[in-house]
Amino acid sequence: MNTQASTEVLICGAGAAGLTLAIDLARRGVPARLIDKLPAPFAGSRGKGIQPRTQEVFEDLGVLDRMVAAGGLYPPQRLHGADGTQADAQEIALAPPTAEEPYRTPLMVPQFRTEAVLRERLAELGGVVEYGRELTGFDQDAEGVTATMAGPDGIETIRCRYLAGGDGGRSFVRRALGIGFPGQTLGVRAIVADIQLDGLSRDAWHRSGEGDMSRQIGFCPLPRTDLFQLQAPIPLEGEVDLSAAGLQAFVDDRWPAGGLTVRGVAWASAYRMNARLADRYRVGRVLLMGDAAHIHPPTGGQGLNTSLQDAYNLGWKLAAVLSGAPDALLDTYEAERRPIAAGMLGLAAGLLDKARRGDVKRGREVHQLDLGYRFSSLSLPAERPEDALQPGDRAPDGLLRGANGRPVRLFDLFAGPHWTLIARAVDPARLPAPRPGLRLHGVGADGAFQDPGGALGATYGLADGELVLVRPDGHVAALVAATDGARLEAYLAGVGLAPIQAPRARAA
Ligand SMILES: Cc1cc2nc3c(=O)[nH]c(=O)nc-3n(C[C@H](O)[C@H](O)[C@H](O)COP(=O)(O)OP(=O)(O)OC[C@H]3O[C@@H](n4cnc5c(N)ncnc54)[C@H](O)[C@@H]3O)c2cc1C
């Protein structure tokens with residue numbers, strides 16, 4: 001049977017990137033369909049590190065506490081020597097929260113749990129994942145994309161305004177567009193498997209063979225499950241037996257003290273590490289995100305986080321363009337996210353080199369809190385010292401006091417699909433007119449909020465008579481003086497934020 005349907009956005013691939021985009025569009029009321037060729041949700045733990053910046057994104061999407069409850073903190077590493085010695089080390093930087101950075105420690109959540117929480121959120125917003133539907137072809141014209149998918153009811157043709165390809169490292173969408181995916185194969189092949197294992201405690205990530213890649217093996221207890229994630233490099237060529245018996249033989253050979261029993265295998269895979277970056281993220285009405293646009297080694301736990309944040313950057317832009325914002329806004333998606341992926345590729349490859357030597361220490365460089373878009377055309381130039389907060393930077397959290405006396409976090413003001421404009425001691429006559437999609441807050445003696453702790457004054461460097469504009473994805477867009485109203489107004493128009501015009505009174 002061949003059926004026809006239409007929607008605004010078709011999202012191909014219900015991994016972390018596709019799910020995040022579907023949630024972001026659903027909370028903006030944009031009709032979208034999310035398809036995946038798998039018959040059922042992916043069951044593996046592979047991307048288990050949730051970085052602090054992603055935790056901020058999860059807070060905005062309304063799933064942070066559920067994510068924390070679905071996972072836990074990284075356990076200490078326990079290095080087992082060939083001579084039976086054991087040494088513990090905390091290789092993941094655990095930093096206490098600050099007012100500006102409420103989350104400073106990576107979380108560990110198995111990827112199947114992360115995706116389950118995202119699916120739950122999507123369902124709350126009225127969305128579903130359509131499993132068992134495979135994108136098999138598409139064509140685009142000036143108005144939209146016509147896509148074909150094979151599913152349980154046969155072939156379906158769907159017409160949409162945009163197609164988002166979040167279909168993983170072997171992306172059909174990327175290949176169909178003929179987009180190059182240059183990079184390198186890193187000469188490392190590894191096993192990753194979720195196993196039931198007897199013989200090791202669950203209070204540490206157990207490793208051995210550090211410094212000699214051919215002997216390395218690690219068992220990480222996956223929080224709130226009875227599983228360990230086994231990770232180990234393997235020879236570049238040759239068959240690998242991923243059954244329980246095969247993994248038992250593998251473990252017996254590698255684990256110095258012996259005595260471990262593999263009781264079951266929930267999921268297992270052998271893969272080659274690559275570092276590759278798509279030449280383009282956009283061709284007309286088709287966009288790439290996540291692993292479809294960049295792949296890299298798992299070292300540093302960056303892939304899922306970067307994929308999800310691609311979608312978080314894309315969601316508000318797609319929604320804005322669909323509501324009439326200039327199409328050029330969508331070009332800023334590639335302009336902003338591709339350099340971030342390029343930097344992350346270098347980081348993950350560097351960490352892989354360190355891991356080869358047995359060094360698995362991770363610090364702030366993997367937290368993604370310092371990533372920003374200063375270079376972007378969406379960052380309104382400002383005369384500020386290099387080390388001060390700049391347009392493009394992540395907008396820090398901080399505490400204000402509401403006029404009724406209660407504490408209010410800046411992140412509470414930013415949370416949701418809108419833009420946020422905060423004016424510090426600005427003459428109301430100089431404020432931009434209210435408009436849909438923009439929340440305006442006054443701070444100062446006569447404002448709705450006070451800034452007793454210097455959240456805006458010290459952290460943002462905002463003086464009396466100045467405004468800060470924050471994007472829907474939590475980056476500073478502009479830091480301007482109220483006297484610069486024309487520049488601010490032009491910026492707002494460029495991103496589709498225009499005041500509503502009152503209907504003209506009809507002549508009698
Ligand atoms: C061992 C290992 C450890 C890792 N550890 C980490 C970590 O700690 N932290 C981290 O951030 N990342 C980690 N990663 C990386 C992370 O798993 C990926 O970056 C992440 O899954 C990418 O998400 P995605 O949504 O872009 O793609 P995917 O998760 O690959 O999802 C793509 C989806 O598209 C579907 N699809 C493909 N083609 C079609 C089609 N034609 N039609 C319909 N559907 C289609 C697929 O079925 C799939 O469900 C790790 C990866 C590995 C292998």
Side-chain angles (χ1 to χ4, degrees), residues 10-22 33-51 53-54 71 74 92 106-112 114-115 118-119 129-138 147-151 156 163-176 188-194 205 218 220 222 229-233 267-274 278 288-311 314 341 344-345 347-348 351-352 360 362 366-368:
L10 176 64
I11 306 168
C12 177
L19 284 162
T20 301
L21 183 62
R33 282 180 65 181
L34 173 59
I35 60 164
D36 201 295
K37 67 180 181 182
L38 292 175
F42 173 74
S45 66
R46 51 187 185 149
K48 61 189 182 308
I50 303 293
Q51 301 300 344
R53 176 59 188 153
T54 304
Y74 271 74
I92 301 288
L107 285 176
M108 184 182 284
V109 189
Q111 188 163 336
F112 59 82
T114 302
E115 292 181 3
L118 293 175
R119 278 195 303 276
V129 181
E130 298 177 48
Y131 285 105
R133 281 201 163 69
E134 178 171 3
L135 183 73
T136 53
F138 59 88
T148 315
M149 48 199 188
E156 186 182 348
L163 168 65
D167 51 346
R170 299 203 173 105
S171 173
F172 168 77
V173 176
R174 187 189 65 235
R175 282 180 285 127
V188 181
R189 190 173 171 228
I191 289 181
V192 56
D194 300 341
W205 182 333
C220 177
L222 295 170
Q229 187 190 58
L230 183 170
Q231 279 185 281
W267 169 80
S269 156
Y271 67 103
R272 275 170 211 276
M273 294 186 195
N274 277 273
L288 295 179
M289 57 184 181
D291 277 18
H294 44 74
I295 47 165
H296 31 80
T299 35
Q302 301 288 289
L304 177 139
N305 292 272
T306 307
S307 299
L308 199 143
Q309 288 174 45
D310 285 349
L314 179 59
M344 191 252 312
L345 249 59
L347 172 68
L351 291 173
L352 178 65
V360 291
R362 306 277 182 272
V366 300
H367 291 181
Q368 305 193 332

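Whatever order the structure lists ligands and atoms in, that order sets their numbers, starting from 1. Reckoned from all heavy atoms, side chains included, excluding hydrogens, waters and symmetry mates.
L345 has its side chain within reach of H294: a pair of non-hydrogen atoms, C-beta onward, lies under 4.5 Å apart.
Residues L304 and G47 come closest through the heavy atom pair CD1-O, 3.8 Å. The heavy-atom pair separating G290 from A17 by the smallest distance is CA-CB, 4.2 Å.
Partners of H367 according to the ring pair (Phe, Tyr, Trp, His ring centres under 6.0 Å) rule, which considers only residues two or more places apart in sequence or in another chain, do not exist here.
Counting heavy atoms of neighbouring residues, nucleotides and ligands inside a 6.0 Å radius, atom CZ of R170 does not exceed 12 of them.
Classification of the F42-W267 ring pair by plane angle, with boundaries at 30° and 60°, yields perpendicular.
Near ligand 1, C12, G13, G15, A16, A17, D36, K37, L38, R46, G47, K48, G49, Q111, R133, E134, L135, G166, D167, G168, F172, V192, Q231, Y271, G290, D291, P298, G301, Q302, G303, L304, N305, S307 each place a heavy atom less than 4.0 angstrom from the ligand.
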